[in-house]
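Start at 1 and go down the list; that is how both ligands and their atoms are numbered. Side chains are part of it too, since the values below use all heavy atoms of this structure and drop only hydrogens, waters and symmetry mates.
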Amino acid sequence: MITTNLQIALNALTHDEIVAIPTETVYGLAGNALRENTIRKIFDLKQRPYYNPLIVHIRSVDALHEIAQDIPKAALQLAERFWPGPLTLVLKKKDIIPDLITAGNDTVAVRVPNHPVTLSVLEQLDFPLAAPSANPFGSISPTTAQHVQGYFEEQHLTIIDGGECERGLESTILGFEGEQPVLYRHGAIPADEIEAIAGKLKTIIHDDKQPAAPGMLSRHYAPNTETYLTSNVSTMIRQYEGKRIGLLLFSKAHPAHPLITQQVLSPSGDLREAARNFYAALHTLDDGKVDVILAERLPDEGLGKTLNDRLQRAIQKA
Ligand code: TXA
Ligand code: MG
């Protein structure tokens, strides 16, 4: 059920049910982060393996000290600068956080989401919310309440409608080695914006399927339709002549053709707009009406790096 009635959502969350919540990045499947039973429900609903830890959502920087300890100065500085916002910090956890959330790690991933509806929900609850993206494990992330509804039609999930997600890409995830910030996942805040504050980042991109083997790619954020990433769309189109082709393009439309469907992410060439439209465009192209999706590689700078990372994962074979 899609609703804008916060009382229904608050009531459900207080009774250990799962509720889909809007954030500025993507929708999340939220539940009481302090109760192991509720966390288990999230993993089950998402069909997510238990070795893949969840992000905890809190209401303010102050609330951070309730769940994390030994917080590096650099982390506090980044939290002050970017929260509420799409930055997740991986910090030493306090005992109050169940091991199930962290996949047995002694660290917890945490952020303050920047969405008025969800901030209001967090302010009215006396517990933080664990929330992975509101899609079955490995599939395209949801940026509207309707995307979430499409995934969980049969489960009668309560979904708070907060409109279209403003950023459209998951949060950037940072860990720390002492005071040295380490980039674990490219996200809605480009790495260079973080480096401007925290200095040079070390990069160890985490793999969701084999968290112990950083740097590897896993199939994730993936459409059902066969998808390819290319710097030269015209050449690829010739290879698939006769097939129904879906094009995911950055800024320039392809000449109209009866067998070609296309989504242009940002006609003005703005990466932030491209990010906002990205998952919705993939959802649209993946509706079963094309044989193949050809995605154009984005400029490899700023948010373009995050978009290319998501595309790279989308094309991995299962
Ligand atoms: O924007 C977002 O971050 C969205 C919204 C809903 O907040 N959430 C999201 O959650 O993308 P999810 O579950 O799809 O991705 C969370 C990722 C995990 O895949 C894992 O790599 C990382 O966060 N993570 C969580 N806890 C961690 C930990 N203790 N150490 C390292 N990585 C962790
Ligand atoms: Mg996800």
Review point. Checking side chain to side chain donor-acceptor pair (under 3.5 Å) against Thr23, which of Arg111, Arg167, Glu166, His57 comes through?
Key: Arg111
Review point. So, His115 versus Tyr27, ring centres under 6.0 angstrom or not?
Key: no
Check your understanding: Heavy atoms only: which of Leu29, Ile173, Asn105 is nearest to atom 17 (C) of ligand 1?
Key -> Ile173
Review point. Near Pro132, which atoms of ligand 1 are under 4.0 Å from a heavy atom of that residue?
Key: 10 (O), 12 (P), 13 (O)
Exercise for review: With salt bridge (Lys or Arg N to Asp or Glu O under 4.0 Å) as the test, would you mind laying out the steps for Asp270 and Arg272 before giving the verdict?
Suggested key: CA-CA 6 Å; Asp270 173 21; Arg272 191 151 159 156; over 6 Å; no
Check your understanding: Under 3.5 Å between some N or O of ligand 1 and some N or O of Tyr184?
Key -> no
Sequence neighbours excluded and cut-off under 3.5 Å, please list the side-chain donor-acceptor pairs for residues 118-130, or say none.
unit_1: Thr118; atom_1: OG1; unit_2: Pro22; atom_2: O; d: 2.5
unit_1: Ser120; atom_1: OG; unit_2: Gln124; atom_2: NE2; d: 3.1
unit_1: Gln124; atom_1: NE2; unit_2: Ser120; atom_2: O; d: 3.2

Exercise for review: Report the relative orientation of the aromatic rings in Tyr50 and Phe43; use parallel for angles under 30°, tilted for 30 to 60°, perpendicular for over 60°.
Suggested key: tilted
Point to revise | Options Lys46, Glu170, Arg48, Arg167, ranked by nearest heavy atom to atom 12 (P) of ligand 1, top entry | key: Arg48
Practice item. Return yes if a side-chain donor-acceptor contact under 3.5 Å exists between Asp161 and Thr4, otherwise no. Key: no
Practice item. Using a strict cut-off of 4.0 Å, indicate which atoms of ligand 1 neighbour a heavy atom of Gly28. Key: 6 (C)
**Study point:** ligand 1 N/O within reach of Arg185 N/O, cut-off under 3.5 Å
**Key:** yes
Point to revise | Part of Thr107 within contact of ligand 1 (heavy atoms, under 4.0 Å) | key: both
Check your understanding: Has Asn52 got any heavy atom lying under 4.0 angstrom from an atom of ligand 1?
Key -> yes
Exercise for review: With heavy atoms of His57 as the reference, note each atom of ligand 1 found under 4.0 Å away.
Suggested key: 5 (C), 6 (C), 7 (O)
Check your understanding: So, does Arg111 sit close enough to ligand 1 that a heavy atom of it is under 4.0 Å from the ligand?
Key -> yes
Distance-only donor-acceptor hits, side chain of residues 63-88, under 3.5 Å, sequence neighbours excluded:
unit_1: Gln69; atom_1: NE2; unit_2: Lys93; atom_2: O; d: 2.8
unit_1: Trp83; atom_1: NE1; unit_2: Leu87; atom_2: O; d: 2.8
unit_1: Thr88; atom_1: OG1; unit_2: Ser171; atom_2: OG; d: 2.8

Exercise for review: Could you list the atoms of ligand 1 found under 4.0 angstrom from a heavy atom of Thr25?
Suggested key: 1 (O), 2 (C), 4 (C), 5 (C)
Check your understanding: Tell me, do Leu174 and Leu183 make a side-chain contact under 4.5 Å, heavy atoms counted?
Key -> yes
Review point. Just which atoms of ligand 1 are under 4.0 Å from any heavy atom in Ala109?
Key: 25 (C), 26 (N), 27 (C)
Review point. Picking from Thr203, Ile205, Val90, what satisfies side chain to side chain contact (heavy atoms under 4.5 Å, CB included) with Tyr184?
Key: Val90
**Study point:** Winner among Ser171, Ala131, Pro142 once heavy atoms are compared against atom 8 (N) of ligand 1
**Key:** Ala131
Review point. With a cut-off of 2.8 Å, does any N, O or S atom of Ser141 fall short of it relative to the Mg ion (ligand 2)?
Key: no
